[in-house]
Amino acid sequence: MIVDETTRDYLLYLRNLAQAVKVPSRKELLKEEKKRNSCLRQLIENDAKFEISTLCEVRVSIDLELREELNMKKEKRARVFIRMAGNGTKTIKGLEDEVKSSFRAVRNCSLAFSAELPQVLQNGSIFCPGDDDQRGDSSNPNKTFWVVDSDNLVAESFRKANEFFSSHNQQLPQESQSRLKRPSILIHVMKDTNVPDVEYPSYLKNMPNPKETKEMTMLSFYSFPPGGITDPEDFLLFLKQAWEPFDALGRVYIAEEGINAQMSVPTNV
């Protein structure tokens, strides 16, 4: 199909092409997520049949400072099920992989962890401390958490969770609602301050404030690189972080085949 690049039809052609290549990629992502959830559901169902649990319920919370830095408005807590025999209960790398699979926004961050045993309420639910309105060491809701910064401490933390699960249930009758179904632990995720901050790119230094502009520059571009885009989701996060300082607006289509964008950017930057 030959389209004149100087006409409006050409822009419509590019938009339709981007939408066409985006759908299969989206379907693949949904298919993979559905497969993962199906496996997890089967594990949970099988887990309930045995006295010795094969899964650990991990209540993960993201530190307020890290959420603000990454602009995580909705993602702040998650309930993650980790196989007791898997790497997620044995190594820092394994635990980090489990957390990053549930919080895509932190996938490119260096993380630090702390842990605490759960506080079980009378109805069997687990109390998780909140930090939305807490600031400063004096009011830190996670001050009782212990640092988890090595493979040995990861394994020790999950061993404590398993022991707590056994001792807690032994003290309660079978019909008690306060009994735990499986081992549980609280994991708090923070930014790893031991990793040096990435230096700001030179083009951001002394950049005018984009909010002070009176004009916007319109941009339209596309690219279909020979090697494609290996991980569109990762590339999306990269672009969001790269363009956020410019207050850029617009619509960007990203797929494994390439990128197509129509944007407006403050003229003074």
Side-chain angles (χ1 to χ4, degrees), residues 29-30 32-34 36-37 39-41 43-44 47 53 55-84 86-89 91-149 153-154 157-158 160-162 164-165 168 177-193 233-234 236-237 240-241:
L29 289 173
L30 292 175
E32 189 65 27
E33 183 178 354
K34 184 177 180 181
R36 175 189 171 97
N37 291 339
C39 292
L40 180 59
R41 185 163 52 249
L43 279 172
I44 293 175
D47 195 52
S53 180
L55 293 174
C56 183
E57 179 181 344
V58 183
R59 298 296 185 99
V60 182
S61 60
I62 305 296
D63 187 68
L64 178 60
E65 182 179 349
L66 181 57
R67 295 204 312 267
E68 290 180 342
E69 180 177 326
L70 298 178
N71 196 26
M72 298 171 65
K73 296 180 179 179
K74 295 182 179 180
E75 292 182 300
K76 58 181 180 181
R77 289 190 181 84
R79 187 170 60 161
V80 182
F81 293 93
I82 301 179
R83 292 175 55 247
M84 290 298 291
N87 287 334
T89 65
T91 67
I92 282 286
K93 179 64 168 57
L95 179 59
E96 188 175 75
D97 289 343
E98 294 286 353
V99 169
K100 289 184 175 181
S101 68
S102 297
F103 296 91
R104 296 190 69 88
V106 304
R107 289 183 66 178
N108 296 323
C109 299
S110 296
L111 305 177
F113 303 98
S114 59
E116 176 62 288
L117 294 175
Q119 178 183 343
V120 185
L121 304 179
Q122 290 185 349
N123 62 359
S125 62
I126 295 174
F127 171 76
C128 298
D131 61 358
D132 289 1
D133 301 319
Q134 307 286 344
R135 296 179 184 271
D137 295 337
S138 61
S139 58
N140 182 6
N142 307 109
K143 60 185 177 183
T144 61
F145 283 48
W146 63 83
V147 175
V148 180
D149 58 2
L153 287 174
V154 171
S157 297
F158 282 93
K160 288 181 178 179
N162 205 29
F164 176 81
F165 165 69
H168 175 81
Q177 293 184 345
S178 297
R179 289 177 64 89
L180 292 171
K181 294 181 179 180
R182 56 184 57 86
S184 181
I185 192 170
L186 309 181
I187 296 291
H188 191 60
V189 182
M190 300 153 287
K191 179 181 179 180
D192 189 354
T193 55
E233 292 287 342
D234 272 352
L236 169 64
L237 292 175
K240 280 186 175 181
Q241 293 174 357

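In what follows, every heavy atom counts, from backbone to side chain, and hydrogens, waters and symmetry copies are set aside. FYI, the numbering just counts along the sequence from 1.
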* Would you check if K160 and W146 make a side-chain contact, meaning some heavy-atom pair closer than 4.5 Å? => yes

* Asked: Looking only at heavy atoms, which two atoms of I62 and R67 are closest? And how far apart?
  -> O-NH1, 2.6 Å

* **From OG (S101) to CD (E96), nearest 0.5 Å** => 11.0 Å

* Taking only residues two or more places apart in sequence, or in another chain, which ones meet A105 in a side-chain contact (heavy atoms from CB on, under 4.5 Å)? -> M72, E75

* Asked: Side chains of L111 and V106: does their closest heavy-atom pair fall under 4.5 Å?
  -> yes

* Structure fact -> Between K100 and C109 the two heavy atoms that sit nearest each other are NZ-O, 3.0 Å

* L95 and I82, any side-chain heavy atoms less than 4.5 Å apart -> yes

* **Partner set under side-chain contact (heavy atoms from CB on, under 4.5 Å) for R179, not counting sequence neighbours** => N169, L172, Q174, S176

* Does some side-chain heavy atom of S61 sit less than 4.5 Å from a side-chain heavy atom of L186? -> no

* Heavy atoms only: give me the nearest S178-V120 pair and the separation to one decimal. => O-CG1, 3.5 Å

* Looking only at non-hydrogen atoms, find the nearest pair between C56 and I185 and report the distance. => SG-CG2, 4.2 Å

* **Side-chain heavy atoms of F113 within contact of V189, under 4.5 Å** => yes

* Structure fact -> Rounded to the nearest 0.5 Å, the CG atom of L121 sits from the CD1 atom of I126 at a distance of 8.5 Å

* **Distance, nearest 0.5 Å, that separates CZ of F103 from CG of L66** => 10.0 Å

* Is there side-chain contact between T91 and V154, with at least one heavy-atom pair below 4.5 Å? -> no

* Point-to-point distance, once rounded to the nearest 0.5 Å, from CD1 of I187 to CZ of R59 -> 13.0 Å

* Asked: Heavy atoms, side chains only, cut-off 4.5 Å: are R79 and E57 in contact?
  -> yes

* Structure fact -> P118 and S184 have their tightest heavy-atom pair at CD-O, 3.2 Å

* **Sidechain-backbone polar pair: H168 side chain, P183 backbone, donor-acceptor under 3.5 Å** => no

* Taking every non-hydrogen atom, the tightest pair across L180 and F165 -> O-CE1, 3.3 Å

* Asked: Residues two or more places apart in sequence or in another chain: which of them pass ring pair (Phe, Tyr, Trp, His ring centres under 6.0 Å) with F158?
  -> none

